[in-house]
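Okay, structure first, notes after.
FYI, side chains are in, hydrogens and waters are out, and symmetry mates aren't considered; it's all heavy atoms of this structure. Starting from 1, each residue takes its place in the sequence as its number. The structure displayed is predicted, hence computed values, not measured ones.
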Amino acid sequence: MQSEVSRIAHGGKALYGARVGILMLETRFPRIPGDMGNGLTWPFPVLYKVVPGATPDRVVRHKSEGLHNAFLDAAAELVQLGADGITTTCGFLSLFQRELAAHVEVPVATSSLMQIPLVERLLPPGKRVGVLTVSAASLTAAHFLAAGADPETPVAGTEAGREFTRVLLNNEERLDAAAAERDILDAGEALVAGHENIGAVVLECTNMTPYARALSEHLRLPVFSIYSFVTWFQAGLAPRDFGPPGSGQSRFLGEWHER
């Protein structure tokens with residue numbers, strides 16, 4: 001007769017099954033599917049926390065002045081709830097990378113810009129990464145250095161467009177997605193035209209992700225976004241279980257705990 005198997009469950013978290021915690025800016029602009037602030041974007045559950053006072057203008061144009069403790073507290077709250085890793089909804093928050101990781105003591109992926117060194121190593125010799133951003137005037141060498149990236153990385157912004165930057169940084173409630181896409185395609189064209197040997201594009205702005213496919217097809221280049229970064233990040237926090245024989249026949253037996 002088969003012996004009885006333990007079915008003890010272990011706790012310690014407030015919420016389960018969502019490994020990634022997302023620090024949200026305080027916004028009211030539309031977050032369409034593909035935007036990381038839209039829960040339908042993700043193929044896995046996530047936890048959200050809005051950081052009070054973290055408006056787009058304050059984070060992008062004013063380097064998150066006065067928000068240091070608010071971000072640390074919000075990240076700690078997500079970890080306390082059950083997040084095993086933290087990310088954010090703005091690439092400009094690379095400035096808080098080291099402090100957030102030290103504060104919460106779990107993996108932190110603040111910015112899509114952190115992909116730049118890896119993507120550059122994927123490219124053929126002589127090719128380099130270019131970055132699209134919501135505000136080229138605000139993206140400084142400090143943001144790149146905090147992300148572990150070359151501060152001389154080529155950059156183009158969408159400020160010259162008529163929709164995308166205005167709606168996001170002014171936190172407007174109406175977005176013409178077709179016009180926003182056109183702004184991003186135009187910025188991509190300017191990036192490639194203004195800099196030689198662009199072999200791939202990294203989107204600084206997390207709100208550009210819904211347009212990544214159109215941009216890639218338009219430029220005929222790989223495009224990496226916060227979606228590519230966080231899906232990779234989550235795959236490390238919760239590796240896929242391929243079942244037996246690699247995971248063993250009895251993977252559902254014995255005591256249970258999430259981490």
Side-chain angles (χ1 to χ4, degrees), residues 29-38 41 56-57 59-61 89-94 111-144 147 149-172 174-232:
F29 58 71
R31 290 188 176 273
I32 64 176
D35 187 298
M36 71 184 303
N38 185 316
T41 295
D57 177 72
V59 170
V60 173
R61 293 184 175 130
T89 56
C90 184
F92 283 80
L93 290 168
S94 63
S111 175
S112 185
L113 298 175
M114 295 172 71
Q115 295 176 101
I116 293 171
L118 173 60
V119 174
E120 286 196 328
R121 282 160 179 76
L122 302 176
L123 299 178
K127 294 292 184 179
R128 57 181 175 167
V129 169
V131 167
L132 286 192
T133 177
V134 70
S135 177
S138 303
L139 191 60
T140 68
H143 292 96
F144 284 99
D150 184 353
E152 299 300 320
T153 299
V155 174
T158 51
E159 298 102 315
R162 66 185 182 89
E163 186 76 5
F164 186 77
T165 295
R166 188 197 78 250
V167 170
L168 266 64
L169 295 191
N170 293 339
N171 208 10
E172 299 177 9
R174 181 184 179 277
L175 172 73
D176 182 335
E181 180 181 275
R182 186 68 257 169
D183 290 349
I184 290 166
L185 297 185
D186 289 347
E189 288 180 4
L191 177 68
V192 172
H195 303 276
E196 294 183 355
N197 302 320
I198 299 296
V201 176
V202 169
L203 304 178
E204 167 278 315
C205 182
T206 68
N207 313 103
M208 290 180 175
T209 305
Y211 316 101
R213 178 65 174 265
L215 180 66
S216 179
E217 292 179 351
H218 187 68
L219 299 181
R220 297 185 180 182
L221 291 173
V223 174
F224 297 86
S225 67
I226 194 66
Y227 182 82
S228 62
F229 191 31
V230 173
T231 51
W232 170 85

In Å and rounded to the nearest 0.5 Å, what is the [atom1] to [atom2] distance from [X] to [Y]?
| X | Y | atom1 | atom2 | result |
| --- | --- | --- | --- | --- |
| Ile116 | Arg121 | CD1 | CZ | 11.5 Å |
| Asn207 | Ile32 | CG | CD1 | 9.0 Å |
| Leu169 | Glu159 | CG | CD | 8.0 Å |
| His143 | Thr153 | NE2 | OG1 | 14.0 Å |

Look only at the side chain of [X] and the backbone of [Y], and say whether a donor-acceptor pair between them is shorter than 3.5 Å.
| X | Y | value |
| --- | --- | --- |
| Arg166 | Arg162 | yes |
| Thr158 | Ile184 | no |
| Ser228 | Phe224 | no |
| Thr206 | Met36 | no |

Using the salt bridge (charged side-chain N to carboxylate O under 4.0 Å, His left out) criterion, which residues pair with Glu120? Sequence neighbours excluded.
none
Nearest atoms (heavy-atom pairs only) where Ser138 meets Arg61
OG-CA, 3.9 Å
Examine the side chains of His218 and Glu189 and answer whether a donor and an acceptor come within less than 3.5 Å of each other.
yes
Answer yes if the side chains of Ser111 and Glu204 hold a donor-acceptor pair under 3.5 Å, and no otherwise.
no
I'd like to check [X] versus [Y] (side-chain heavy atoms, cut-off strictly below 4.5 Å). Are they in contact?
| X | Y | result |
| --- | --- | --- |
| Phe144 | Leu139 | yes |
| Pro56 | Asn171 | yes |
| Val202 | Phe229 | no |
| Cys205 | Thr133 | no |
| Thr41 | Thr209 | no |

Sequence neighbours left out, what pairs pass side chain to side chain donor-acceptor pair (under 3.5 Å) with at least one residue falling in residues 175-184?
Arg182-Asp186
